[in-house]
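Everything on this sheet refers to the single structure shown next.
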2 protein chains.
Amino acid sequence: MENIWSVMYATFAALAEPNRFRIVELLRAGARPVNDIGVELDLAQPQVSKHLRVLKEVGLVEVEARAQQRLYALDPAPLQELDRWLEKYRALWVERFEQLDEVINAAHTQEKRRGRKKR
Amino acid sequence: MENIWSVMYATFAALAEPNRFRIVELLRAGARPVNDIGVELDLAQPQVSKHLRVLKEVGLVEVEARAQQRLYALDPAPLQELDRWLEKYRALWVERFEQLDEVINAAHTQEKRRGRKKR
DNA sequence: TCTGTATATGCCTTGACAGGAATATGCGGA
DNA sequence: TCCGCATATTCCTGTCAAGGCATATACAGA
């Protein structure tokens, strides 16, 4: 059995590769056949196919056969997963912002205080 | 000069490694010294140090010296970047949802229509 | 059925990276 | 100053993934 996060690792790995990231960004504008992608991003056709395979395996992309070509379209589902995962972290940067705010206020009031204990 | 996305690739690469991902998840609850992390996640100390180095390089973590130990804390800034990047994609899953909705409605009304052209 | 176009797959080489084990470094206390 | 604890670094090895190139597959049209 697999780790519950394994899907996320795979998604991260897929997006960590610059050319795949570019493909994802490109497909955001709409579906494209393989050759188109290669031309647009200046990649050899076999490499495009291979990258698309990886993207398909993690569910970031889906194919539709259109005569002899394949139309690849972005499937945002894994990105939505990522978004849900980030949810847990949003509180952190809000908190950070408040801390920063506090520091600024402290500076403004020129108030000197001893280092507070961490919670 | 670097690609504007290079920071994102690095963040993705950092999070694609299961043990680093676990470290990030662990640090969400608060800062920890190196040894603590190793014990908690059952990792050898050198590996923890190495993973922390990578996390620090991408800015996901920051260190505070505390006597002879180092307290590692999560820095959510890169995650916030990620969040901002995802912003552009949120519209996609909303759109998907609406398409799905449409399909459901169509099924409910038993309406038969010819395949519409893509926009 | 033969051909050409679009795409997928296989093989090879190379580079990056993770874990393991040994060792170096930094710092506080006696 | 010497020792010990906490952490960082180094070296080694194995694995895996990406690019380049050649080739296989699939399908439409003549």
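These values consider heavy atoms only, across backbone and side chains, with no hydrogens, waters or symmetry-generated copies. This is a predicted model, so every value here is computed, not measured. A note on names: the letters A, B, ... follow the listed sequences, proteins ahead of strands, and every chain is numbered from 1.
Picking from C:dA18, C:dG20, D:dT9 the nucleotide with the shortest atom distance to the side chain of B:R53 gives D:dT9. Residue B:K50 places its side chain closer to D:dT10 than to any other of D:dA8, D:dT10, D:dG19. For B:A67, counting side-chain heavy atoms from C-beta on, the closest listed nucleotide (C:dA18, C:dG28, C:dT9) is C:dG28. Checking D:dA18, C:dA6, D:dC21 against the side-chain heavy atoms of A:P46 singles out D:dC21 as nearest.
Between A:N35 and C:dT5, a side-chain N or O to OP1/OP2 separation shorter than 4.0 Å is absent. At C:dA6, none of the side-chain N or O atoms of A:Y72 fall inside 4.0 Å of OP1 or OP2 (strictly under the cut-off). The phosphate of C:dA18 (OP1 or OP2) has a side-chain N or O of B:R20 nearer than 4.0 angstrom.
A straight line from CZ of B:R70 to P of C:dG28 spans 9 Å, rounded to a whole angstrom. Put simply, CG on B:L41 is 12 Å from P on C:dG19, counting in whole angstrom units. The interatomic distance linking A:H51 (NE2) with D:dA18 (P) rounds to 6 Å, in whole Å. Straight-line distance from the OH atom of A:Y9 to the P atom of C:dA18: 14 Å, rounded to whole Å. Put simply, CZ on A:F21 is 21 Å from P on D:dA17, counting in whole angstrom units. Here D:dA17 presents its P atom at 14 Å from CG of A:L55, a figure rounded to the nearest Å. At whole-Å resolution of the value, CG in A:L52 and C1' in C:dA6 are 13 Å apart. Between the CG atom of B:L15 and the P atom of C:dC17 there is a distance of 15 Å, rounded to whole Å.
Between A:L60 and A:D75 there is no side-chain heavy-atom pair separated by less than 4.5 Å.
A:P33 comes within 4.0 angstrom of sugar-phosphate atoms only, judged by non-hydrogen atoms across all strands, and of no base. Looking at heavy-atom distances under 4.0 Å, B:Q69 makes contact with sugar-phosphate atoms alone, never a base.
A donor-acceptor contact closer than 3.5 angstrom is absent between the side chains of A:W85 and A:Q80.
The base of C:dA6 is not paired with the side chain of A:Q45 by any donor and acceptor separated by under 3.5 Å.
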Applying side chain to side chain contact (heavy atoms under 4.5 Å, CB included) to B:L52 and B:I23, what does each step give before you reach the verdict?
CA-CA 8 Å; B:L52 287 170; B:I23 291 176; 4.0 Å; yes
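Look at A:E81 and A:R84 and you find a salt bridge, because one of the NZ, NE, NH1 or NH2 atoms lies within 4.0 Å of a carboxylate O, short of that distance. Ionic pairing of A:R22 and A:D42 is not present here: no N-O contact between side-chain nitrogen and carboxylate oxygen is shorter than 4.0 angstrom.
Remark on DNA chain D: of its neighbouring residues B:Q47 and B:Q68, the 5'-side contact belongs to B:Q68, judged by nearest-heavy-atom nucleotide.
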